[in-house]
Amino acid sequence: DRRKHGAIGAHLDDEVPGAGVTAGLIPLDGDVLIPEGARLKLIVVTDGPGIRAERLGGAVAAEMAALGMPGSRFEVDVTQREAYDGAPVDDRRLAFDARGVDAVSFRVSANPGEPVRPLIAVSSGGETARIMLGLKSVLQSADRVPVLVFDEIDAGIGGRIGAVVGRRLWSLTPQHQVLCVTHLPQV
């Protein structure tokens, strides 16, 4: 049985007795249960403090600029919290739940000169759709979600940027089914 938790993957040996039953399960953290006596191996996939986060943020910001949001910034904030009963990682013990040891948040500045703030606080529907398109474009080879739905992706853009958005959406179609609510024929 294999369970993935964000930045940590927990692997349970297939040959653990009682692996398919709820009796004999012990809580690992929150809603995560493992068979009593199972050997748990934690794999940390975070490399260096913020290295991947910086690369992802820069790549998404470049996509946002191409999608009609020049001068915008996108930052990925990755934090970890130590806990005495947490998962052993290097020389520390980190708190984790079903999402892993990393708490990840996206911060964005949609306009030049504005400070970065949490994505949910600064984006309109159309901006959010284009930011998600940029994120999905950057991560398309790693994303296993079969269907992507974009609503209002054409809000506040014209035909030239609409054509760019349409091409980006088309580039996602080999790996995903893409559905859009739009009024622009370019999209």
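Side-chain atoms are counted along with the backbone in the values below, which use heavy atoms only and exclude waters and symmetry mates. Treat the numbers as computed from the prediction; the structure is a model and nothing was measured.
The shortest distance between side-chain heavy atoms of I120 and T128 does not fall below 4.5 Å. A heavy-atom distance below 4.5 Å is not found between the side chains of D77 and V104. Under the 4.5 Å side-chain criterion, counting only non-hydrogen atoms from C-beta, L169 is in contact with F150.
A single hydrophobic cluster is not seen to contain both V138 and V116; linkage of ILVMFWY side chains at heavy-atom distances under 4.5 Å, directly or through other members, places them apart. A continuous path of hydrophobic side-chain contacts links I153 to V178 [ILVMFWY only; heavy atoms under 4.5 Å]. Residues M132 and M69 share a single hydrophobic cluster, defined by chaining ILVMFWY side chains whose heavy atoms lie under 4.5 Å apart. In the hydrophobic clustering of ILVMFWY residues, with side-chain heavy atoms under 4.5 Å counting as a link, W170 and I157 come out apart.
The only member of V145, V147, L172, V149 that meets side-chain contact (heavy atoms from CB on, under 4.5 Å) when paired with Q177 is V147.
One finds the SG atom of C180 at 8.0 Å from the CG atom of L133 (value rounded to the nearest 0.5 Å). Interatomic distance, CG of L119 versus OG of S105, reported as 10.0 Å (0.5 Å rounding). Interatomic distance, CD of Q175 versus NZ of K136, reported as 11.5 Å (0.5 Å rounding). The distance from atom CZ of R167 to atom OG of S137, rounded to the nearest 0.5 Å, is 12.5 Å.
Across Q140 and S171, no two heavy atoms sit closer than the pair OE1-O, 3.0 Å. Taking both residues in full, the closest heavy atoms of A110 and E127 are given as CB-OE2, 3.6 Å, listed atom of the first, atom of the second, then distance. Smallest separation of non-hydrogen atoms from G159 and Q186: CA-NE2, 3.2 Å. Closest heavy-atom contact between A95 and A83: CB-CB, 3.7 Å. Closest heavy-atom contact between E82 and L94: CG-CD2, 4.0 Å.
Although no hydrogens or angles enter the test, the distance criterion places a donor-acceptor pair under 3.5 Å between the side chain of R130 and the main chain of L67. Counting only distance, with no hydrogens or angles, the side chain of D154 and the backbone of L184 share a donor-acceptor pair below 3.5 Å. Side-chain atoms of T182 never come within 3.5 Å of backbone atoms of V187 as a donor-acceptor pair (strictly under, hydrogens ignored).
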For the pair M64 and I131, evaluate side chain to side chain contact (heavy atoms under 4.5 Å, CB included) and give the outcome as yes or no after the intermediate values.
-> CA-CA 6 Å; M64 290 169 57; I131 292 167; 3.8 Å; yes
V108 vs R117, side chain to side chain contact (heavy atoms under 4.5 Å, CB included): CA-CA, chis, key distance, verdict = CA-CA 6 Å; V108 66; R117 296 191 338 222; over 6 Å; no
Kindly indicate, with the supporting measurements, whether the criterion side chain to side chain contact (heavy atoms under 4.5 Å, CB included) is fulfilled by L148 and L179.
-> CA-CA 6 Å; L148 303 177; L179 302 173; over 6 Å; no
Residue pair F106, L135: steps toward the side chain to side chain contact (heavy atoms under 4.5 Å, CB included) verdict | CA-CA 11 Å; F106 297 140; L135 187 59; 3.7 Å; yes
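Between the side chains of Q80 and R92, a donor-acceptor pair is found at a separation under 3.5 Å.
A salt bridge (Lys or Arg N to Asp or Glu O under 4.0 Å) check over residues 58-72, counting only residues at least two apart or in different chains, returns the pairs E63-R168.
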